[in-house]
2 protein chains.
Amino acid sequence: MVNSLSVQITLEKPVTNADRTFYQLRKDIVEGVIPAGSKLSETELSTKYEVSRAVIREGINRLAACHLVERKANIGAKVVSLTPEGLIQLYQVREALEGMAARLAARHMSDEEVASLQGLLDSHFNKVKDAQLYYQEAGDVDFHYRIVTGSKNSHLISVLIDGLYHLVRMYRVQLGMAGPRVTTAFDEHRHIVNAIANRDEELAEMLMRRHILYSKNNIENKLSATPT
Amino acid sequence: MVNSLSVQITLEKPVTNADRTFYQLRKDIVEGVIPAGSKLSETELSTKYEVSRAVIREGINRLAACHLVERKANIGAKVVSLTPEGLIQLYQVREALEGMAARLAARHMSDEEVASLQGLLDSHFNKVKDAQLYYQEAGDVDFHYRIVTGSKNSHLISVLIDGLYHLVRMYRVQLGMAGPRVTTAFDEHRHIVNAIANRDEELAEMLMRRHILYSKNNIENKLSATPT
DNA sequence: TTAGTGGTTATTGTCGACAAAGTGGTGTTA
DNA sequence: TAACACCACTTTGTCGACAATAACCACTAA
């Protein structure tokens, strides 16, 4: 329950060495251990992670497919340098995709899943009163994760879970945005779940889009306030 | 003008051997030269395409990232077996993403781009009267391609152009859907462009979503009519 | 001084071979 | 006969070495 966040991320079990290395690389990049803009030397990484260069190469290729690094032929790969505009664009895509996810979740989630989701919100509500910071990071991700998987649309799920969410996390870490909008976001989550419970596809999509749009506006304000 | 379709697909120039092999593999898979469901043997392909196994491996990995093949560790990769449900899900994602693309295109396309897009529709209009089949295949792709790039959102562009569109083409080839809905689709295109020219984001998104929804419904009817 | 040129070095691209895991068939036993 | 264990074989995973390309630096000439 507490570690449902880690469960969702670690859902993909590494079976081969290349898998493990890829997950480790992704983790280090997303969390900033490997800083943004830095170059990924294959030989250097191969000694550092104690695997062959081929394994590192495969990892870098997979990272490039996720748009976490940019690879140029015969030159090398760099961790993507993030711009505020890029983050805004990312939220535009999220708005479209997660709006559709909410619509499909209202259509396809089972009653049990909806009930479980409501239970999740209840447990979050208790934590919001105590430690607000915890809610934002884990709870928000958890909530969105459930909606997306509830859509039962595999393409939607993979684009968001395997792709965009890692990018968003990376942007947030790099730009230093911890956990804003706690209480109001919670109310928005509640309304979205209510719409899903009522099987109101139209409303669920609209509320989800607004929810993400608010987050985007919030970020825009933060960015313009601190012109680093 | 005539080959603007090929231009857009071939926009990505292969520089390395692995690139060339990947593009060739993708082409062969999308066009059905390598049939759906068939296994991709690394050794076999390496002799067939006259490159090393490592090059083939990289290609397969990139194909897996596009969801054109499914790879299982220590077992191998198979060309994705396509289900009608998968195609429906794909169109749901398209509806969300291209709807947003139309909205952003209405916001960000330059007046020159809009004028050029209108010119494209005019040239299509002439061809529709003569050879209808041509329009559907190239023209429709071309139209959507311009809207997507007009959004100026790099994430949106890459997900659609590099990812979903190849999948859609493959599904269409495999399920044998050539070119339906020619004339009505043309009118829908016209209305979408008008909305963009008027900078009416809301309407542009709505019309694009309807346009794709109609295509989806059309496909659903075709699929239920021919229960192969 | 600066622009251009040549060679040197480091990095990536490609390859073939070995290691490890899975698959299929054969034989044995309950 | 059916189920299980074992063995051989095929295929993928991993590795180190070689080839090709690009970046760097020194050198020359205007």
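The chains referred to below are lettered A, B, ... by the order of the sequence lines, with proteins before strands, and numbering in each begins at 1.
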Open item on the list: Going by side chain to side chain contact (heavy atoms under 4.5 Å, CB included), name the residues that satisfy it together with A:N61, two or more places apart in sequence or in a different chain.
Closed with: A:R71, B:E58
Open item on the list: Could you tell me how far apart A:N61 (CG) and D:dT14 (C1') are, to the nearest whole angstrom?
Closed with: 16 Å
Open item on the list: Between B:T16 and C:dT14, is there a contact of a side-chain N or O with OP1 or OP2 at under 4.0 Å?
Closed with: yes
Task: Residues within residues 43-50 of chain B bordering DNA chain D, heavy-atom distance below 4.0 Å - done: B:T43
- [ ] Would you mind building the protein contact string for nucleotides 16-22 of chain D? One character per nucleotide, 5' to 3', B for base within reach (heavy atoms under 4.0 Å), S for sugar-phosphate only, - for untouched.
- [x] -B---SS
Task: Listed partners of B:E98 passing salt bridge (charged side-chain N to carboxylate O under 4.0 Å, His left out), at least two apart - done: B:R94
- [ ] Considering just the side-chain nitrogens and oxygens of B:R20, establish if one lies under 4.0 Å of OP1 or OP2 belonging to C:dT14.
- [x] no
Task: With sequence neighbours excluded, residues passing salt bridge (charged side-chain N to carboxylate O under 4.0 Å, His left out) with A:K48 - done: none
Open item on the list: Checking A:V80 now: which residues fulfil side chain to side chain contact (heavy atoms under 4.5 Å, CB included) with it, not counting sequence neighbours?
Closed with: A:E70, A:M170
- [ ] Can you run down the salt bridge (charged side-chain N to carboxylate O under 4.0 Å, His left out) pairs that involve residues 150-164 of chain A, sequence neighbours left out, and say none if there aren't any?
- [x] A:E113-A:K152
Open item on the list: Taking side chain to side chain contact (heavy atoms under 4.5 Å, CB included) as the definition, give me every residue that meets it alongside A:D28, ordered by chain and number, with sequence neighbours left out.
Closed with: A:Q24, A:V33, A:I34, A:Y49
Open item on the list: Restricting to side chain to side chain contact (heavy atoms under 4.5 Å, CB included), what partner residues turn up for B:A204, sequence neighbours left out?
Closed with: B:A102, B:A106, B:A195, B:I196
Open item on the list: Determine whether a donor-acceptor pair (N or O, by modelled atom type, separation under 3.5 Å) exists between the side chain of A:S151 and the backbone of A:I147.
Closed with: no
